[in-house]
**Student:** 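Encoded as structure tokens, here's the structure I'll be asking about.
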2 protein chains.
Amino acid sequence: MSDLAAALDILGARWALLVVDQLLDGPQRYGDLQRALGAPTNMLAIRLRELEAAGVLSRLPLKHNTRAYALTERGLALREPILALRRWGAEGAPP
Amino acid sequence: MSDLAAALDILGARWALLVVDQLLDGPQRYGDLQRALGAPTNMLAIRLRELEAAGVLSRLPLKHNTRAYALTERGLALREPILALRRWGAEGAPP
DNA sequence: ACGCCGCACTTCGTTTTTACAAGCATGTTC
DNA sequence: GAACATGCTTGTAAAAACGAAGTGCGGCGT
């Protein structure tokens, strides 16, 4: 399996890259992510579990039953790929 | 819709980025792409149509009933995002 | 102390996407 | 002119995503 395919295996699922992108703004809670992205709540829960398992993000326990999701070092390393993709997307829209 | 979401709208579908990656090696025919990627033939046909519609690639008629698929300028601009993603994927595998 | 609220998910039924297998049209080879 | 290669299309089943509703749990107000 190529390195690209390996990356897409983790990030190719729907919402995955958008979740990481959102977390580049800093740690956020479940509800915040949900509202910011507009993703179905069950999908978000699944993606967060997968991304945690892949070592891209981690859960930080806050008070009582709330936690924050934050990117790990490996997750933060996605800043460049994401920026490159965003630039590409921007070049197709301006008009 | 954010620029990132716009990019993923085109490239987020399964096989899409892998097709573009494969074409970074130069124009190729349908069968070559199919064998190189191992993608289901109906999916490949659909993605190629979508990517052409999005201006990422174009069909070059060759002899008789064969044609080659080649990246447009917009498609070639995906080299950097793809390389960045590949690098990220490689950083997670080495061991 | 009891009910109510917000948060973080689950569960369920439906729709959309993907996969696998087979078939078809056109042109080329022998 | 029969067999074969190329580039798809069609049909059906499995998997993934969606949308709405429900669950568990701790805090808060009264």
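Because the structure is a prediction, the values reported are computed rather than measured. Quick note on labels: first sequence line is chain A, next is B, and so on, each numbered from 1.
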**Student:** To the nearest Å, how far apart are L18(B) CG and dT18(C) P?
**Tutor:** 13 Å

**Student:** Would a distance-only check, ignoring hydrogens and angles, find a side-chain to backbone donor-acceptor pair under 3.5 Å from E80(A) to A84(B)?
**Tutor:** no

**Student:** Here's a test of your reading of the structure: between I46(A) and H64(A), which maps to the more 5' nucleotide of DNA chain C?
**Tutor:** H64(A)

**Student:** Name the nucleic acid region contacted by T41(A), choosing base, sugar-phosphate or nothing; use a 4.0 angstrom heavy-atom cut-off, strictly under.
**Tutor:** base

**Student:** Strictly below 4.0 Å, N to O, side chains only: are D3(A) and R87(B) in salt-bridge contact?
**Tutor:** no

**Student:** Using heavy atoms to find the nearest nucleotide of DNA chain D for R47(A) and Y30(B) separately, return the residue whose nucleotide is more 5′.
**Tutor:** Y30(B)

**Student:** Taking the basic N atoms (NZ, or NE/NH1/NH2) and the acidic carboxylate oxygens, is any pair closer than 4.0 Å for R47(A) and E50(A)?
**Tutor:** yes

**Student:** Starting the side chain at C-beta, find the nucleotide from dC9(C), dT6(D), dC7(C) nearest to R29(A).
**Tutor:** dC7(C)

**Student:** When you measure from the side-chain N and O atoms of R59(B) to the phosphate of dC8(D), is any distance below 4.0 Å, counting only OP1 and OP2?
**Tutor:** yes

**Student:** Any luck finding a side-chain donor-acceptor pair between Y30(B) and T41(B) under 3.5 Å?
**Tutor:** yes

**Student:** To the nearest Å, how far apart are L44(A) CG and dG19(D) P?
**Tutor:** 14 Å

**Student:** Rounded to the nearest 0.5 Å, how far apart are CD1 of I82(B) and CG of L11(B)?
**Tutor:** 7.5 Å

**Student:** In whole Å, what is the span from the CE atom of M43(A) to the P atom of dT16(C)?
**Tutor:** 15 Å

**Student:** Given atom CG of L37(A) and atom P of dA17(D), what is their separation to the nearest angstrom?
**Tutor:** 15 Å

**Student:** dC8(D) phosphate, OP1 or OP2: any side-chain N/O from Y69(B) under 4.0 angstrom?
**Tutor:** yes

**Student:** Just to confirm, is there a sub-4.0 Å distance from OP1 or OP2 of dT10(C) to any side-chain nitrogen or oxygen of R49(A)?
**Tutor:** yes

**Student:** Should the side chain of N65(A) and the base of dG27(D) be counted as holding a donor-acceptor pair, with the cut-off at 3.5 Å?
**Tutor:** no

**Student:** Just how far, in rounded Å, is P of dT18(C) from CG of D9(A)?
**Tutor:** 15 Å

**Student:** Tell me the interatomic distance from W15(A), atom CH2, to dC18(D), atom C1', rounded to whole angstroms.
**Tutor:** 10 Å

**Student:** Measure CG/L48(A) against P/dT10(C) and give the value in whole Å, please.
**Tutor:** 10 Å

**Student:** With hydrogens left out and only the distance checked, is there a donor-acceptor pair under 3.5 Å joining N42(B)'s side chain and the base of dG7(D)?
**Tutor:** no

**Student:** How many Å lie between CZ on R67(A) and C1' on dG6(C), as a whole number?
**Tutor:** 14 Å

**Student:** With a cut-off of less than 4.0 Å, is there a side-chain N or O of R14(B) near OP1 or OP2 of dA19(C)?
**Tutor:** yes

